[in-house]
Amino acid sequence: MTNDSSRGPEPRSRRRGPPRDALLASLGDTHVFLLDRRVAGSERRLDSLGLSSELAAAVSEHYRAAFTGEAKTFDFREGDRTCEVHLVPLPPPAREIPQELVAVVHDVTPRRRAEDLLARRVEQQRAIADLGQLALRSRDVEELLGHAVRAVAATLDADLCDIFELQPDAEELRLVAASGWPEGAVGSVTVANEPGAQVGHTLELRRPIFVEHLATDPRFVKRQPLLELGVVSCLSIVIEGREQPFGALAARARSRRRFSADDATFLAAVAAVLSSAVERHREERVTEHAALHDALTALPNRALGLDRLCHALARRQREGIDVAILVFDLDRFKLINDSLGHGAGDELLVALAPRLLAEVRPTDTVARLGGDEFLVVCEGLHDAREAIGVARRLGDAIARPIAVPSGRHHITASIGIAVASHADDTPESLLRDADAAMYRAKERGRGRYELFDDALRRHVLYRVRTDSELRRALDRSELDVHYQPVVDLRTGAPVATEALVRWRHPERGLVGPTEFIPIAEETGLILRLGRWVLERAVAEAAGWQDQLETPITVTVNVSGRQVADATFPAEAEEIVACAGVPPGTIALEITESVLMDELNSPAMVLGELHDRGFKLILDDFGTGYSSLSYLKRFSLDILKINRSFVSGIASNADDRAIVEATIRMAHALGMTVIAEGIETEEQRRRLAALGCERAQGFLLSKPLPAAAAREYLGRHVTTA
Ligand code: C2E
Ligand code: MG
Ligand code: MG
């Protein structure tokens, strides 16, 4: 096309001459041509008029149609220019067919460009709005990223589009979404995070990176795998993240292309949407993770552990995959917490978590139920033996010395195993079984595992039955208390009686405490039972003290559960006050194992009982493994040597040595000594010779019903 307007229109008169084409007028970007149909192809020299041959060809194409109809308008594009062409046939003289037409060629390049730009922007904005909506709706980041790359590829008309995610170590980037990449590339392709690679460069500069010719661009030394994919040009931008960038988003072309600033603006908007969506998703995941994981060890917490167990049991129902669980807690963990502080306990738990995980399969769950209690859910084990194998491995892993800043610790765990074996096993029933097995492991000495088997099932059933019967017994006053005198070895006079509970069972007759006290302790009924015995014994003491006019002491056995309860001292004081008995005439017996219970250390409660005037007796000394120096910290008044040593005192030199040493040390600590279970005269003699002050045993008196005990006391106190 030309702007040469000097030629002006041909004079009208010449139009009757031989047919020819002519430029009629040129005005700015608009040119008006007269075209004559009769000009034959070879003579047509539209290009001589300034019309490009391409436009001439386009006009010829529409030529015929223009003569048959009305005006014909079309767009003509050439390079980056656009012309609007109107073809208007000139009305012919009467009876002639139209032969001439006027072509108005109007260069609309700037307008069309503006329109195109606008349309592209509208399209881009729509793409961003769609993506934004999806980002709000979807919690699936993968889906969102996939949608983003497809939308960018379509909107920018790019051959490839991809997102690389920066890995936590910041060393590598992994392809996480792609359009136009080979199948299987997502998730498997990684590139090094270096400035000499196109993706790394984007992260380094944190602004849009335009690459027109990748192969020759001097900024890059690493061009794979992009060159392999035929990438020639690209535009990329960083997707920001909170601590470090999330990654990079890129549009790529396989033919040379110059991406525009507008393209970069669009890409930046997409990256911004993705950045905030990913960030929000990460935050959600963090909150979700915090809600379902233990903050200290990062292991699943109770809620998640139970949820995993639920799912495992559901899969068992559906697919027949076996499920076993292990429940365990750490032996003497409380001791570490109490002696070295909670920080040390925490360190231990944190150090233990990876050890536990290392011993189970990745599909198994290790959850912290709370405190030092853990749950392991194992799927796909074939029998109990395999579950036992897991328990062994866990037990060994826990038992390996643990070095943490607070020191080197040796710790063990008591592990209970339960294997789902019934169709109606529920998370609750399985946990209950595993718990029962764990308690059995503790009872049997800790640092070991126990499987919940038929024997344990029977024990549990027995316990449940005994517990309910015992409750009824309490309600129906089927319990009774017998009293065994405690005698002064020098004078032979009774100085106290020990209250020992009995059960007058309607079918089984008189049942001894060893058959039901352990169960009452397991179920917690001991609290009610213990209170009842104390009330009963204190009332009895009040009567005897009145009648005998001597402050005879009554000793009452109390269990660990009772002295673990901080309200016990006040309760005991109230009971003695109501009965009008001086607390100094009531002695409470606790066993060594109670003192060593690191979970519920009774030191405070014992101190308080002592302060309120109660005497404290350490029962069954020698059956635990504590040393006297350890026991010194408790305010104990009397030490009772266990029957097992007393029975050997006449025949066994070791027993004799132990008893002798115990008596000496007890005296050194200011404690009075009672020997229990004296059955022979010889035992009595030897104990008296060793300086033991008091004794108790069948030789002196069996435990007696209250009336008989009163009579015994009446006889011996007065005769003494
Ligand atoms: P313990 O407190 O060590 O009581 C001594 C036990 O030894 C009593 O058994 C008693 O009958 C028995 N005994 C006493 N002298 C002799 C003897 O010369 N030879 C033999 N072979 N045994 C003798 P019992 O009454 O069966 O009580 C057993 C355990 O039950 C008690 O041991 C105590 O730990 C517990 N117990 C009894 N009553 C209560 C109670 O009211 N509360 C709690 N928490 N425990 C109780
Ligand atoms: Mg006792
Ligand atoms: Mg005893």
Side-chain angles (χ1 to χ4, degrees), residues 113-168 173-189 198-199 202-203 205-210 231 233-253 257 259-292:
R113 263 193 206 146
E115 281 170 6
D116 279 358
L117 192 65
L118 197 66
R120 259 203 320 276
R121 283 195 177 150
V122 167
E123 198 190 336
Q124 292 177 355
Q125 273 156 17
R126 187 171 303 137
I128 292 164
D130 284 352
L131 191 66
Q133 267 188 1
L134 185 66
L136 287 179
R137 239 187 7 247
S138 163
R139 300 192 63 221
D140 183 349
V141 168
E142 223 170 276
E143 181 197 13
L144 181 68
L145 299 182
H147 178 91
V149 289
R150 286 190 299 277
V152 168
T155 313
L156 293 187
D157 198 17
D159 299 314
L160 301 101
C161 177
D162 46 72
I163 295 171
F164 277 87
E165 182 182 359
L166 186 60
Q167 299 302 290
L173 293 129
R174 182 179 297 276
L175 185 68
V176 288
S179 161
W181 282 65
E183 193 137 332
V186 170
S188 63
V189 173
Q198 200 270 333
V199 183
T202 313
L203 258 68
L205 268 75
R206 292 196 162 183
R207 57 173 164 73
I209 303 297
F210 297 86
V231 171
S233 310
C234 21
L235 167 63
S236 58
I237 194 155
V238 66
I239 303 172
E240 294 291 353
R242 177 162 296 173
E243 267 124 41
Q244 61 174 26
F246 170 77
L249 166 67
R252 309 184 194 278
R257 167 170 173 182
F259 283 99
S260 68
D262 239 52
D263 296 338
T265 307
F266 167 64
L267 216 57
V270 171
V273 171
L274 294 181
S275 162
S276 69
V278 165
E279 209 41 61
R280 203 181 52 244
H281 179 78
R282 277 188 179 168
E283 271 164 23
E284 276 169 14
R285 278 220 317 249
V286 167
T287 355
E288 221 172 70
H289 190 272
L292 293 175

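Values below: every heavy atom of this structure, side chains too, minus hydrogens, waters and symmetry copies.
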May I ask you to decide if [Y]'s main-chain N or O and [X]'s side chain share a donor-acceptor pair within less than 3.5 Å?
| X | Y | value |
| --- | --- | --- |
| S138 | A135 | no |
| Q244 | R242 | no |
| R174 | E165 | no |

*Thinking salt bridges, do E243 and R282 make one under a 4.0 Å N-O criterion?*
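Answer for the salt bridge query: no.
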*Applying side-chain contact (heavy atoms from CB on, under 4.5 Å), run through I163 and L274 and close with a yes or a no.*
CA-CA 10 Å; I163 295 171; L274 294 181; 3.7 Å; yes
For the student: nearest non-hydrogen atoms of [X] and [Y], plus distance:
| X | Y | answer |
| --- | --- | --- |
| P208 | L235 | CB-CD1, 4.3 Å |
| F164 | W181 | CZ-CH2, 3.8 Å |
| V270 | A148 | CG1-CB, 4.3 Å |
| H147 | L131 | CD2-CD1, 3.4 Å |
| I237 | A271 | CG2-CB, 3.8 Å |
| L267 | A251 | CD2-N, 4.4 Å |

*Is any side-chain heavy atom of L134 closer than 4.5 Å to a side-chain heavy atom of E143?*
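L134 reaches E143 side chain to side chain.
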*4.5 Å side-chain heavy-atom contact, F266 and T155*: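 Of all side-chain heavy-atom pairs linking T155 with F266, at least one is under 4.5 Å.
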To the nearest 0.5 Å, what is the distance between [atom1] on [X] and [atom2] on [Y]?
| X | Y | atom1 | atom2 | value |
| --- | --- | --- | --- | --- |
| S233 | R252 | OG | CZ | 11.0 Å |
| L205 | S236 | CG | OG | 9.5 Å |
| L156 | R120 | CG | CZ | 9.0 Å |
| Q198 | L203 | CD | CG | 10.5 Å |
| R121 | I128 | CZ | CD1 | 11.0 Å |

*Give a yes or no on whether E142 atom CD has more than 12 heavy-atom contacts from other residues, nucleotides or ligands under 6.0 Å away.*
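At most 12 heavy atoms, drawn from other residues, nucleotides or ligands, come within 6.0 Å of this atom.
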_R280 atom CZ, over 12 foreign heavy atoms within 6.0 Å_ =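 Buried by this count: over 12 neighbours within 6.0 Å.
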*Working for side-chain contact (heavy atoms from CB on, under 4.5 Å), residues V231 and L160*: CA-CA 8 Å; V231 171; L160 301 101; 3.8 Å; yes
*asked:* I'd like to know whether E240 forms a side-chain contact (heavy atoms from CB on, under 4.5 Å) with E279, so could you lay out the CA-CA distance, the side-chain angles of the two residues, the decisive distance to 0.1 Å, and finally the verdict.
replied: CA-CA 9 Å; E240 294 291 353; E279 209 41 61; over 6 Å; no
*Is a side-chain donor-acceptor pair under 3.5 Å present for D263 with S260?*
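Present: a donor and an acceptor within the cut-off.
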